[in-house]
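What follows is a single structure, written as structure tokens, with notes after it.
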Amino acid sequence: MNIRINQEVKEALEKGLPVVSLESTIISHGMPYPKNVETALKVEEEVRKNGAIPATIGIIDGVCVVGLTKDEIEQFATRKDVVKVSRRDLPVVMAKKLWGATTVATTMIVSKMAGIKVFVTGGIGGVHRGANETFDISADLQELANTDVLVVCAGAKAILDLPLTLEYLETFGVPVLGYKTDELPAFYSRHSGLNVDYNMDTTKECALVMYNKWNNGLKGGILLTNPIEEQYSLDFDKMDAIIKDACIKATKEGIKGKKLTPFLLSYIKDVTKGESLESNIELVLNNARVGAQIAKDYSELIHE
Ligand code: PSU
Ligand code: MN
């Protein structure tokens, strides 16, 4: 298989210790340098502090690497030739031996190959606003439908059509859980006005959902949405207005396909003068704490 698992991660997996995977698109295409590398390293540290082993995933010269080194993370943060790799891109990037940053979809695929059950990120892709015309629905959603990994995120940005994203996930049988909340968080804000399917009171309960899903042959992912902490959250209406402007600008400039999400993220960051970036960093750290705890609970549960 076209995969290389670093020694520490390999040993942890063999011993059944908790491991949390992390994506690289957020590094190469989601945040500017040097915040991207600083954040990636801080998130790994946060996973460790909370008792799990971090495994940042990326593709180097066509090989899926599970557990990037500091130096490799730095390269993902600075190189200009890193392809954004979703499911359809994966075999081509392997064949051509390119560098590739893994999206939520591909990080799930590689996590599954490696045997990692918990993956922490910021926001997932979903059904874009205007998808009834553009058909722009992220491959992340099909991956959640099919691949057995729990994904911890802070909900989805309002660059997406949140109600349609929830409908899609329901159709494909993906449980949408809220960590200590009934409401779907909207990335920068704790509130969206929409409900999650179930409120999870504890990380142990999340581990039990994983166990009961996969042990009963119910294939596919689980989405755990964890609201940003109050002190870092931004006003929903203010962000919504900025995002609407971003979408209009993207349409005007003819930005679509895989370029759309990075374009919107960068526009929002510029308009908020980096305020959104600080929130983004804090919410990923918050997800790392919860994800590490779930990985611990799950590994205890299956080794009882
Ligand atoms: N949403 C964010 N930040 C991100 C992404 C999404 O708030 O960095 C990235 C993730 O890697 C996600 C990808 O999997 O964008 C989705 O891209 P697309 O919409 O092209 O499928
Ligand atoms: Mn898309």
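In each ligand, atom 1 is the first atom listed, and ligand 1 is the first ligand listed.
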May I ask you to say whether Glu46 pairs ionically with Arg289, meaning some side-chain N is under 4.0 Å from a carboxylate O? yes
Considering heavy atoms of the protein only, find what lies nearest to atom 9 (C) of ligand 1 and give residue, atom and distance to 0.1 Å. Thr25 CG2, 4.1 Å
Atoms in ligand 1 with a heavy atom of Glu23 nearer than 4.0 Å: 10 (C), 11 (O)
Among protein heavy atoms, which lies nearest atom 4 (C) of ligand 1, and at what distance? Leu265 CD1, 3.6 Å
Ser28 side chain to Phe76 main-chain N or O, any donor-acceptor pair under 3.5 Å? yes
Hey, can you tell me if Trp214 and Tyr298 have their rings parallel, tilted or perpendicular (30° and 60° cut-offs)? perpendicular
Looking only at protein heavy atoms, what sits closest to atom 21 (O) of ligand 1 is Ser138 OG, 2.7 Å
Over all atoms of both residues, closest heavy-atom pair of Val47 and Val20: CG1-CB, 3.9 Å
Return the closest protein heavy atom for atom 19 (O) of ligand 1 as residue, atom name and distance. Thr261 OG1, 2.8 Å
Between Lys84 and ligand 1, find which residue part has any heavy-atom pair under 4.0 Å and reply side chain, backbone, both or neither. side chain
Taking distance alone, with no angle check, do Asp140 and ligand 1 share an N/O pair under 3.5 Å? yes
Considering the heavy atoms of Phe187, write down every atom of ligand 1 situated less than 4.0 Å from one of them. 7 (O)
Considering both backbone and side-chain atoms of Thr103, is one of its nitrogen or oxygen atoms within less than 3.5 Å of a nitrogen or oxygen in ligand 1? no
Would you find a donor on one side and an acceptor on the other, under 3.5 Å apart, between the side chain of Thr25 and the backbone of Ala101? yes
Can you confirm whether more than 12 heavy atoms, excluding those of Lys35, are under 6.0 Å from its NZ atom? no
I need the atoms of ligand 1 closer than 4.0 Å to a non-hydrogen atom of Lys157, numbered in the order shown. 2 (C), 3 (N), 7 (O)
Just to be sure I read this right, does ligand 1 sit under 4.0 Å from the backbone of Val104, its side chain, both, or neither, counting only heavy atoms? both
Output the list of atoms in ligand 1 that are nearer than 4.0 Å to some heavy atom of His128, sorted by atom number. 19 (O)
By atom name, which N, O or S atom belonging to Asp136 lies closest to the Mn ion (ligand 2)? OD1
Do NZ/NE/NH1/NH2 and the carboxylate oxygens of Glu38 and Lys42 come within less than 4.0 Å? no
Checking a contact table here: which protein heavy atom is nearest atom 1 (N) of ligand 1, and how many Å away? Gly123 O, 3.5 Å
Closest heavy-atom contact between Ser192 and Ala186? CB-CB, 4.0 Å
Donor-acceptor under 3.5 Å (Asp136 side chain, Gly130 main chain): no
